[in-house]
Each structure stands twice: as C-alpha cells, then as structure tokens.
> 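Below is the structure I would like to discuss, written out as structure tokens.
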Amino acid sequence: MNSAPQTLYEKIWNDHVVGRRDDGTCLIYIDRHLVHEVTSPQAFAGLRAAGRRVRRPELTLAVPDHNLPTTRRVDAQGNRLPIADPASAQQLAALETNAPEFGIRYIDATAAEQGIVHVVGPEQGFTLPGTTLVCGDSHTSAHGALGALAFGIGTSEVEHVLATQTLLLQQSKTMEIRVNGTLGYGVSAKDVVLAIIGKTGAAGGTGYVVEYTGEVIRGLSIEGRLTVSNMSIEGGARAGLIAPDETTFAYLKGRPMAPTGADWDRAVDYWRTLPTDAGARYDKVVQLHASDIAPSLTWGTSPEDVVPITGVVPSPDSFADPSKRVAAQKSLDYMGLTPGTRMQDVPVSYIFIGSCTNSRIEDLRAAASVVRGRQVAGGIKQALVVPGSGLVKRQAEAEGLDRIFTEAGFEWREPGCSMCLAMNPDKVPPGERCASTSNRNFVGRQGPGARTHLLSPAMAAAAAVTGRLADVRELVTE
Amino acid sequence: MEPIVHVDGRAYPWGAKNIDTDIIIPAHWLKTTTRVGLGKGAFESVRAEPGNLFDDPRYAGAPILIAGENFGCGSSREHAAWALTDMGVRAVIAPSFSDIFSGNAIKNGIVTVVLPQDAIDRLVEVAKEQPIAVDLETMTVTTPFQDRFAFTLDPFRRQCLMEGLDEIGMTLAQDTAISKYESGVSSARPWLHQESGNAGTIVERAGRP
Ligand code: SF4
C-alpha cells in the first residue's frame with residue numbers, strides 16, 4: 001500500500017498498471033475505447049491482416065461523426081440518403097463493416113444517440129470517473145471533465161487497444177491549474193480555457209497531465225467542465241482532469257451506460273476516494289484569478305494567440321521572443337489583420353456554433369439567449385448551429401431553441417464535427433472570417449485559406465447579430 | 001517495421017515553430033482507409049507558396065526534417081506520420097514535440113530527436129548546404145563540420161526503433177498478466193462491466209453510395 005498523498009492522476013494511473021518494465025514504461029489497462037470512422041480503418045485492417053481479434057469488444061463504442069454531412073440524413077419516407085462524397089461514404093462504410101465484424105457496439109448515423117464521440121461518451125454514461133478512456137482523437141481530453149484519465153491516441157495505438165485492451169505508456173508529470181475567484185458576468189468556461197492557454201502557451205502542457213482545480217472549476221457544470229478539459233490538448237497537455245464530485249454524480253446517474261443499483265453505490269464510494277489528497281505534490285502549479293478573465297477570443301493561428309474582446313490586434317513587435325515575432329507576422333498576414341485594430345471592429349462573415357468544445361445543450365442555450373429577438377446581420381454569409389448529438393438536438397427543439405436560431409437566420413443542422421475541421425461539406429471559403437466555437441484556429445483548419453476566431457457560444461451569437469466580433473456584455477444585460 | 005539505426009542525408013532546414021498536424025497533412029487527406037500515398041498531401045499549404053523548401057530541388061527526398069518547438073501539435077492523426085514516411089522523412093529534429101505525435105512517429109519508424117534551440121539554429125544553417133547524420137547507436141547528430149550534438153530517447157522507444165519491434169505482438173505475449181488484472185478488476189470495480197457483444201447495436205448501411 002502506498003500511503004503517501006497522491007494526486008487524482010496518480011490514483012487512476014496506479015489502479016491501471018498491468019505491468020511495469022525495467023525502463024519505467026508501464027502496461028496500462030484501458031477501460032473504455034471510443035472509435036470513429038477517420039482514425040480506425042487502418043487499425044481494423046491491421047487486425048484483420050494479422051488474424052487478431054478484439055480482446056474486449058464490449059469496452060469499445062463506435063460512432064461516426066467527422067465525415068457526416070449535417071444536412072438531412074433520411075428522406076421523407078425515412079430512407080437513408082447517400083453521402084455524396086465517395087471517400088467519406090467509403091470511410092463510413094468501413095466502420096459499418098468493421099464494428100459488427102469485430103463485435104463492437106455501433107451507433108448508426110441516423111440514430112438519435114449519434115453525435116460527436118466526445119459528446120456521446122459522457123451523454124451515454126460510457127465515460128465514468130476513475131476510468132482510463134482513449135480514442136483516436138486528440139480531444140479525448142474532454143472526458144477528463146468527469147474524472148476519467150482520457151487522452152487521444154494514434155491509429156497504431158487504436159489497433160493496440162483493440163487487440164490487447166492496454167497501452168504501453170510512460171507516466172506523465174502533473175500540473176495543477178488552479179482558477180480562483182468568481183467569474184464575471186458574460187464570462188464562460190470557454191473564456192476560462194482560452195485564458196489558460198493564453199497564459200501557459202500552446203506547448204506549456206507538453207509532457208504533463210493537467211488537473212484543473214479551484215472555485216471556478218468546482219462551480220462549473222459538467223458541460224462547462226467538458227469545454228475546459230476538451231482544450232487541454234490546445235495547451236499541449238495530453239489529458240486534463242477534474243476531480244469527480246456531487247455535480248459529476250448527479251450528471252451521470254441514470255445515463256444509459258452508467259452503473260445502476262448496488263453497482264452505482266459501490267461506484268460512487270470508489271469515486272469519492274479519487275480526488276487529490278491534501279499534501280499531494282504536483283510537478284508544476286499555475287494559478288489564474290477569475291477577475292482577470294474577460295470574454296476572450298483568438299486573433300492568430302495558434303490557440304495561444306488570445307486577447308480579451310476589449311483588446312486590440314497585437315503588434316508583432318510586442319513579442320520578446322524573435323521567433324514568436326516572425327510567427328505573429330505570418331499569422332496576421334494569414335488572418336488579414338492590422339496591428340492596433342480593435343477586435344470589436346473586425347467584421348466576420350461566417351458563424352459556427354458547434355464542435356465537441358461547445359455543442360452541448362448549455363452552449364446552445366447561451367447562444368440562443370443572445371440571439372433571441374434579434375436577426376443575423378446582413379454581412380453574414382452563413383451562420384450554422386450544429387448540435388453535438390441527436391439527443392442535444394432533440395432537447396434543444398423541445399425547448400424551442402431551434403426556432404430562435406432559424407427565425408434569426410441561422411441554419412439548424414444534424415449533429416457532427418462539421419465546420420470544426422471541414423472534412424464534410426461544411427467549410428469556410430478562402431479569405432472568409434469565421435467566429436467559431438470550435439477549438440483550433442490553425443491555418444486551413446476550417447477550409448483552405450479560412451480565418452478562424454475561437455470564442456464562446458454567447459460571443460459567437462453576438463458576432464452573428466452584429467456582423468463583427470462583439471462584446472456579448474454589451475448585448476445582454478445582467 | 002524496418003529496424004532503423006542511422007539516418008544520413010540532406011535535411012529540410014525549416015526551423016518553424018508550432019507546426020500542427022493540419023499543416024503536416026490537411027483534413028481532406030484523411031478520408032483514406034489505407035496508410036500509403038499521403039506524401040502527396042504533406043505540407044500542402046506550405047507548398048502552395050512559391051519558393052517553398054519542400055519543392056526546392058536541393059532537398060528533394062531529404063530523410064531529415066529540422067523544425068522548431070512543439071512540432072506535431074494538434075490532432076492525433078497518425079496520417080501526419082504516414083505522410084512524412086511517404087515523403088521519405090525518417091527523422092525529425094526539433095526542440096520539442098507534441099506527445100501524441102512523438103508516439104505516432106516512433107511507431108512508424110521516424111526518429112524524433114530533441115535538441116536545444118541553439119543546436120537547432122546551427123543545424124538549420126549547416127543543412128542549407130550540407131548533409132547531416134542522426135545515429136541511434138551513439139545517440140548523436142553530427143555534421144561534416146565536426147558538430148556533435150548528443151540527444152536522449154527513452155530506452156524502450158529506442159529499442160523499438162533499432163529492432164523494428166511489433167508492439168502488439170509483444171503485449172499479446174503478456175496475456176496472462178492482462179487476464180489476471182481483468183479478474184482483479186471484475187471483483188474490485190464490478191461496475192466497469194458493460195453489456196457484451198452487439199447488444200444495442202444499430203447497424204444499417206449508412207452512407208453506402
Ligand atoms: S468536433 Fe472537431 S475537435 Fe471535436 S472531434 Fe470533431 S473534428 Fe475533432
């Protein structure tokens with residue numbers, strides 16, 4: 001027994017060690033595995049070529065999301081509409097063949113439960129505290145919001161998990177990111193995580209598993225916590241954890257794949273033992289205060305390029321590091337921005353409300369509360385709302401949110417990754433500027449030449465109704 | 001996987017920071033179900049610029065790429081590693097790598113060499129005119145000008161590269177340990193069980209053209 005105080009990460013890690021090699025590499029057991037259509041075909045092909053089976057098919061859940069068009073998927077008679085892009089159709093078909101062949105549960109493209117893997121996992125109760133969860137997708141970090149050690153893996157590792165239900169890993173260093181205080185009016189979970197990345201940098205978390213702590217994190221709903229953990233990867237950390245608490249248990253209870261009856265009680269007892277012990281040591285600690293966090297957004301092509309909405313486009317000369325100066329100049333050229341311009345004076349032409357960062361019901365409510373009674377501004381060429389799952393969509397429709405959006409001039413779509421990475425037909429054309437609730441503002445991320453500003457759902461709604469980057473606090477009063 | 005001990009030859013003298021996986025291979029190239037042929041899409045947005053270094057005949061087919069910090073940040077797509085191997089890159093030298101990328105790289109026989117920024121600056125200068133050499137046996141990067149930079153790599157990853165090991169085969173040999181772990185968990189944390197097999201599966205021929 002190890003009686004020294006431990007962090008949440010160390011507890012989960014130690015409970016999953018199957019074996020330890022002399023060089024320190026550990027064989028770690030994987031409790032939950034999510035699979036989508038883009039990063040899995042080569043893994044299944046590898047298994048097939050080697051004549052290997054899936055060790056524990058019931059621990060894997062497959063859902064298509066990246067390629068699916070967000071337009072209607074069935075016709076008036078309820079028949080499946082084919083996917084126009086043959087390459088996308090082929091990737092989807094591969095998953096549909098592979099899942100049943102290897103005995104893996106599969107949520108079909110037209111099922112109400114279908115959605116973005118990182119929305120579906122928590123929503124179904126597939127994601128549980130104290131588990132190890134992986135997916136061939138970097139935003140798997142999101143699931144850490146429920147206290148699961150969750151991280152993205154490559155396709156070779158997907159194959160490794162399918163065949164062995166384990167991964168060979170080195171233990172990471174730990175970093176505590178503590179956010180103290182109370183969030184100001186109009187400041188959301190997205191602003192918190194943007195502020196964190198703005199402070200720590202896009203590589204700040206490399207080699208670390210982050211644990212988010214402090215009053216602000218405790219006060220967030222599971223939806224908000226998912227937004228924060230989701231973008232751990234943008235700060236360089238492979239995983240971001242939040243200790244499970246009453247909010248977590250209340251969220252999970254009654255979810256379709258969550259434990260029930262006596263199992264539930266035993267699970268909750270165990271989950272209560274997981275939070276970091278008093279006196280446990282992190283390798284690094286970063287602190288932020290809520291009063292320093294304003295509604296924020298990105299100006300450049302790295303998620304660390306963060307400014308408050310009240311700020312201006314920075315000048316490359318303002319960076320001390322010469323390579324950052326060069327990078328900033330390139331970003332500004334790509335983004336078509338001039339230093340000194342007020343962020344609020346920058347017009348936008350596309351709006352994307354969606355992605356695994358911000359497509360849950362709370363996000364849609366926040367955006368709708370800004371849109372209500374207003375119209376999408378004249379200069380906006382397209383404004384999309386893409387719910388994270390069919391269940392989120394259904395819930396939003398029950399609350400009448402879809403009508404608020406469509407009456408204002410938004411398009412109300414079927415769930416999927418959509419304009420977050422432009423693998424499906426939803427793209428931002430070259431040179432157009434998009435206010436997006438997604439997580440990456442990389443060059444070409446939303447389509448070749450597309451210019452992305454990352455922000456919260458309420459801020460995206462504010463941009464939609466004003467036609468420019470706008471301070472949501474000026475549109476909705478407290 | 002082919003064992004790899006030395007990588008010698010020309011190097012792309014790039015040095016750019018925060019090269020994300022969307023730059024290495026844009027999303028529209030990910031609609032493939034195989035691991036080959038992605039070299040065509042590698043660095044597409046960089047190649048769109050005239051005079052870029054990937055289309056410079058001096059570096060054509062170079063097996064080494066020199067980059068700035070945080071190389072391979074962004075998505076988990078192993079397509080980034082497949083694109084690099086497909087264009088002939090077998091070693092990337094940078095001050096730091098994203099965790100996911102470095103794991104993917106090793107599994108595809110790409111050596112990730114971490115060196116401090118001043119060494120990178122020097123190598124970028126040298127590589128403009130001269131070849132460089134990465135050696136896993138001595139764990140050094142050397143140039144024709146007697147530069148010698150030592151690097152470290154975790155021993156397991158080094159062994160995987162040098163022996164071309166099949167990790168899945170190695171882990172499958174641990175079957176008894178995995179089964180023992182599983183039976184321990186089913187009594188300690190029984191709620192982790194899921195319904196088995198295809199229960200609840202909805203399979204229709206979605207998207208078939
Ligand atoms: S919504 Fe975007 S970030 Fe999330 S899984 Fe899909 S493509 Fe990846």
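Below, read A as the first sequence line, B as the second, and so on, with proteins coming before strands; counting in each chain starts at 1.
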> Please determine, among B:V185, B:D154, B:T171, B:N108, the option with the most heavy-atom pairs under 4.5 Å with chain A.
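Heavy-atom pairs under 4.5 Å are most numerous for B:T171.
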
> For B:K31, is there an ion pair with A:D85 - N to carboxylate O distance below 4.0 angstrom?
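Here A:D85 pairs with B:K31 in a salt bridge, since their nearest N and O are under 4.0 Å apart.
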
> Is A:T260 close to chain B through its backbone or its side chain, or both, or neither, when contacts mean heavy atoms under 4.5 Å?
neither

> What pair of heavy atoms forms the shortest contact from B:S76 to A:S138, and how long is it?
OG-N, 3.5 Å

> Please classify the contact between A:T206 and chain B as side chain, backbone, both or neither, with a heavy-atom cut-off of under 4.5 Å.
both

> Check each atom of A:V17 against the heavy atoms of chain B and say whether the ones under 4.5 Å are side chain, backbone, both or neither.
backbone

> Using 0.5 Å steps for rounding, measure from the CZ atom of A:R52 to the CG atom of B:L172.
5.5 Å

> Using non-hydrogen atoms and a 4.5 Å limit, figure out which bit of B:S102 sits close to chain A: side chain, backbone, both or neither.
neither

> Is it the case that atom CG in A:D22 sees more than 12 heavy atoms from other parts of the structure closer than 6.0 Å?
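At most 12 heavy atoms, drawn from other residues, nucleotides or ligands, come within 6.0 Å of this atom.
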
> Compare every heavy atom of B:P190 with every heavy atom of A:R266, then report the nearest pair and how far apart it is.
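Residues A:R266 and B:P190, closest heavy atoms: NH1-CG, 3.6 Å.
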
> Find the distance between CG (B:D20) and OG1 (A:T301) and round it off to the nearest 0.5 Å.
8.0 Å

> Go through the atoms of A:T166 and report whether side chain, backbone, both or neither lie under 4.5 Å from a heavy atom of chain B.
side chain

> Carefully, step by step, assess A:M423 and B:L30 under the rule side-chain contact (heavy atoms from CB on, under 4.5 Å).
CA-CA 8 Å; A:M423 267 189 90; B:L30 309 188; 3.8 Å; yes

> Where on A:H16 is there a heavy atom nearer than 4.5 Å to chain B: the side chain, the backbone, both, or neither?
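When you check distances to chain B, atoms from both the backbone and side chain of A:H16 fall under 4.5 Å.
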
> Measure distances from A:T164 to the heavy atoms of chain B and classify the residue's part below 4.5 Å as side chain, backbone, both or neither.
both

> Of the backbone (N, CA, C, O) and the side chain (C-beta and beyond), which part of A:L421 lies under 4.5 Å from a heavy atom of chain B, both, or neither?
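Both the backbone and the side chain of A:L421 come within 4.5 Å of chain B.
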
> For B:A188, is it the side chain, the backbone, both or neither that has a heavy atom under 4.5 Å from a heavy atom of chain A?
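The backbone, not the side chain.
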
> Please flag which part of B:S45 lies under 4.5 Å from any non-hydrogen atom of chain A: side chain, backbone, both or neither.
side chain

> Applying salt bridge (Lys or Arg N to Asp or Glu O under 4.0 Å), which residue pairs with at least one partner in residues 79-105 of chain B are found, sequence neighbours left out?
none

> Do A:S156 and B:N104 have side chains that approach each other closer than 4.5 Å (heavy atoms only, starting at C-beta)?
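Answer no - side chains too far apart.
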
> With a 4.5 angstrom heavy-atom cut-off, is it the side chain or the backbone of B:E182 that approaches chain A, or both, or neither?
side chain

> Among A:G130, A:S323, A:G19, single out the residue with the greatest number of heavy-atom pairs under 4.5 Å to chain B.
A:S323

> A:G444, A:A327, A:P69, A:A202: which one forms the most heavy-atom pairs within less than 4.5 Å of chain B?
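Looking at each option in turn, the highest pair count goes to A:A202.
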
> Determine which residues belonging to residues 109-117 of chain B lie within contact range of chain A, meaning some heavy atom pair is under 4.5 Å apart, and list them by number or answer 'none'.
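The list, in residue order, is empty: none.
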
> Of the backbone (N, CA, C, O) and the side chain (C-beta and beyond), which part of A:A267 lies under 4.5 Å from a heavy atom of chain B, both, or neither?
both

> Is chain B contacted by the side chain of A:R21, its backbone, both, or neither, given a heavy-atom distance below 4.5 Å?
side chain

> Is chain B contacted by the side chain of A:R445, its backbone, both, or neither, given a heavy-atom distance below 4.5 Å?
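Contact with chain B: backbone and side chain both.
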
> Between A:A163 and chain B, which part of the residue has a heavy atom less than 4.5 Å away: side chain, backbone, both or neither?
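Both backbone and side chain.
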
> Are side-chain heavy atoms of B:I178 and A:L27 found at a separation under 4.5 Å?
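The answer is yes, as the side chains (C-beta and beyond) meet within the 4.5 Å cut-off.
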
> Are B:S75 and A:R440 packed together at the side-chain level, in the sense that at least one heavy-atom pair is separated by less than 4.5 angstrom?
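Contact flag for B:S75/A:R440 side chains = yes.
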
> Counting only heavy atoms closer than 4.5 Å, note whether A:R73 contacts chain B via side chain, backbone, both or neither.
neither

> Taking the side chain as C-beta and beyond, is there a heavy-atom pair between A:E157 and B:E78 under 4.5 Å?
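Heavy-atom side-chain distance check fails, nothing below 4.5 Å.
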
> Could you check whether the rings of B:W191 and A:W271 sit parallel, tilted or perpendicular, using 30° and 60° as the cut-offs?
perpendicular

> A side-chain contact here means heavy atoms from C-beta on lying under 4.5 Å apart; do A:R238 and B:I100 qualify?
yes

> Which bit of A:E234 is near chain B, if near means a heavy-atom gap under 4.5 Å: side chain, backbone, both or neither?
neither

> Only pairs of heavy atoms separated by less than 4.5 Å count here; which of A:L95, A:V54, A:L128, A:I153 has the most with chain B?
A:I153

> Looking at B:K17 and A:E304, is any side-chain nitrogen of the basic one under 4.0 Å from a carboxylate oxygen of the acidic one?
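Judged by the 4.0 Å cut-off on N to carboxylate O distance, A:E304 and B:K17 do not form a salt bridge.
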
> Is B:W29 in contact with chain A via its backbone, its side chain, both, or neither, using a 4.5 Å heavy-atom distance?
neither

> Do you know which two heavy atoms are closest between B:L192 and A:R32, and how far apart they sit?
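Heavy atoms of B:L192 and A:R32 come nearest at O-NH1, 3.1 Å.
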
> Counting only heavy atoms closer than 4.5 Å, note whether A:F126 contacts chain B via side chain, backbone, both or neither.
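Looking at A:F126, just its side chain touches chain B.
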
> Less than 4.5 Å to any heavy atom of chain A: does that hold for the side chain of B:F101, its backbone, both, or neither?
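No part of B:F101 comes within 4.5 Å of chain A.
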
> Mind checking whether A:P259 and B:R189 have side chains closer than 4.5 Å, heavy atoms only?
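No, their side chains stay 4.5 Å or more apart.
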
> So do the side chains of B:E167 and A:L168 get within less than 4.5 Å of each other, counting heavy atoms only?
yes

> Distance check, rounded to the nearest 0.5 Å: B:Q159 atom CD versus A:D23 atom CG?
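These two atoms lie 7.5 Å from each other.
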
> Do A:R55 and B:S179 have a side chain donor and acceptor closer than 3.5 Å?
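On atom types as modelled, these side chains qualify, holding a pair under 3.5 Å.
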
> At a heavy-atom separation under 4.5 Å, does B:D175 approach chain A through its side chain, its backbone, both, or neither?
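Both backbone and side chain.
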
